[in-house]
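The residues of the chain are indexed from 1 along the displayed sequence. Order of appearance sets the numbers: ligands from 1, and atoms from 1 within every ligand.
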Amino acid sequence: MDTNAAAFVNANRLWERHMEMARHGATRAGGVNRQALSNEDFAARRALIDWGASIGLTACHDAAGNLFLRLAGTDAGAAPVMTGSHMDSQPTGGKFDGIYGVLAGLEALQAFREAGIVPQRPIELVAWMNEEGSRFAPGMMGSSVFAGAATLESIVPVTDAQGTSVGQELRRLQVAFGDLPICPLGRAVHAYVEAHIEQGPVLEREGLSVGVVSGIQGKRTFAVTVTGEESHAGTSRRAERRDALLCAIASIQAMAAEFHDPEDLVRFTVGRFDVTPNAPSVVPGSVRFSIDLRHPDSSVLIRLGDEVEAICRQHALPCAVQVLELSTAMSLEFPRRVRDIIRQAANEQAIATLDIPSAAGHDARYLHAVCPSGMIFVPCKDGISHNEAESATAQDLADGARVLTATLVRLACADAPHRV
Ligand code: HGY
Ligand code: MN
Ligand code: MN
């Protein structure tokens, strides 16, 4: 048995698997549109299951659509170590967001097999359902239900823009993957480590290939509905109009002004804006828009988020407003002992690292609530992500996978020098 499993990480195989996965939902501009529980997502799941089967991993999925591939350990009853991320993408997503953590985990388990290492604890590779929240809002549905932060009942009624519900798509998933056993929803996990592209410019700027993630900034998301009155574009007088679009814009501009901070730490985003009836000669009667609000300081996030409804009500007059908070997540810091294990694994591989906070959200947020968790970042070109131009290098992806592999050895092997 070769204890240096990381030496068996194959950069070319890892890269080729990314290119193969990018075929599922490939867009003309070179990105991917592989949204949660779509046919493209199903195809990616089947490809992952097949790759896993070729190295002896056994697959199951839970009632929330989370997919697990298990490497057996000598202690079958021990709580597993988990690693993974998400395979779903934004509609104009890139080839690496999410899928890198899944393929780096697969690469690590293949390295274990090729090194002849059987861990004491089972190691489970996981692909969380609907991390992105683009088709069904909010995101991180699978990991939040797995961790008990949300219920299955709360996600199944959520519908996409076509009126298809999560429940309908989960049933379609169970039929399409009828060969997969169903595993329990929410199980004991010994530790969780997620590899992900940084989605920011720091590692590339510092010339480093690996970051040890210190934590994740807080995020609150809202759905706002502004209700006015449809009327004729030619005959209805301005004084009588209740124009939902102008009222929504006034609310958004008021929030942007209120949330503007000289330190440029507030992240206020209206990414979705739906006008009804969306007809050129009809004064809009209704507008639904999303709010994604983030800040590294939870007290600021609480203060600003608590102002959303009042600002909307005040500035949307004479229209009516309904504000629904979809998700609330405070800033978190990963446990030092997990960060130390990741850093020591990198040192062993002679890979320099940097401690770096995550401005983006990740499923690790919910695993952090149920077990010792951590994250490994690798750079992406110019920090670009949630964009079809998202890019990374085979070398950086492999370095991250090597650190992940060495970390998993420490977490799952009996004779490893560390305990979480
Ligand atoms: O929005 C996020 O932070 C994540 O990339 N879905
Ligand atoms: Mn992601
Ligand atoms: Mn993303």
Open item on the list: Test: salt bridge (charged side-chain N to carboxylate O under 4.0 Å, His left out). Region: residues 263-276. Which pairs qualify, not counting sequence neighbours?
Closed with: Asp264-Arg267
Task: Closest non-hydrogen atom pair, Ser331 against His295 - done: OG-O, 3.4 Å
Task: Qualifying residues under side chain to side chain contact (heavy atoms under 4.5 Å, CB included), relative to Ala254, sequence neighbours excluded - done: Ile311, His315
Task: N, O or S atoms of the protein lying under 2.8 Å from the Mn ion (ligand 3) - done: Asp97 OD2, Glu132 OE1, Glu132 OE2, His386 NE2
Open item on the list: Taking N, O or S atoms only and a limit of 2.8 Å, check whether His362 reaches the Mn ion (ligand 2).
Closed with: no
Open item on the list: Please find the pair of heavy atoms, one from Tyr100 and one from Ala195, that lie closest to each other, and give the distance.
Closed with: CE2-CB, 3.8 Å
Open item on the list: Quick one: does any side-chain atom of Asp396 pair with a main-chain N or O of Ser209 as donor and acceptor, under 3.5 Å?
Closed with: no
TODO: Provide the atom name of the closest N, O or S atom of His196 relative to the Mn ion (ligand 2).
DONE: NE2
- [ ] Using heavy atoms and a cut-off under 4.0 Å, could you grab the residues that are in contact with ligand 1, chain by chain, numbers ascending?
- [x] Glu131, Glu132, Gln199, Lys219, Arg294, Ala360, Gly361, His386
Open item on the list: Hydrogens and angles aside, do Glu40 and Ser38 bring a side-chain donor and acceptor to less than 3.5 Å of each other?
Closed with: yes
Task: Modelled atom types, side-chain donor and acceptor of Arg402 and Asn4, under 3.5 Å - done: no
Open item on the list: I'd like to know if Glu333 pairs up with Arg339 as an ion pair, taking the criterion as any Lys NZ or Arg NE/NH1/NH2 lying under 4.0 Å from an Asp or Glu carboxylate oxygen.
Closed with: yes
TODO: Determine the sole option in Tyr192, Phe68, Tyr366 for which the ring pair (Phe, Tyr, Trp, His ring centres under 6.0 Å) test with Phe146 is passed.
DONE: Phe68
Task: Ion pair Arg337/Asp340, N-O distance below 4.0 Å - done: no
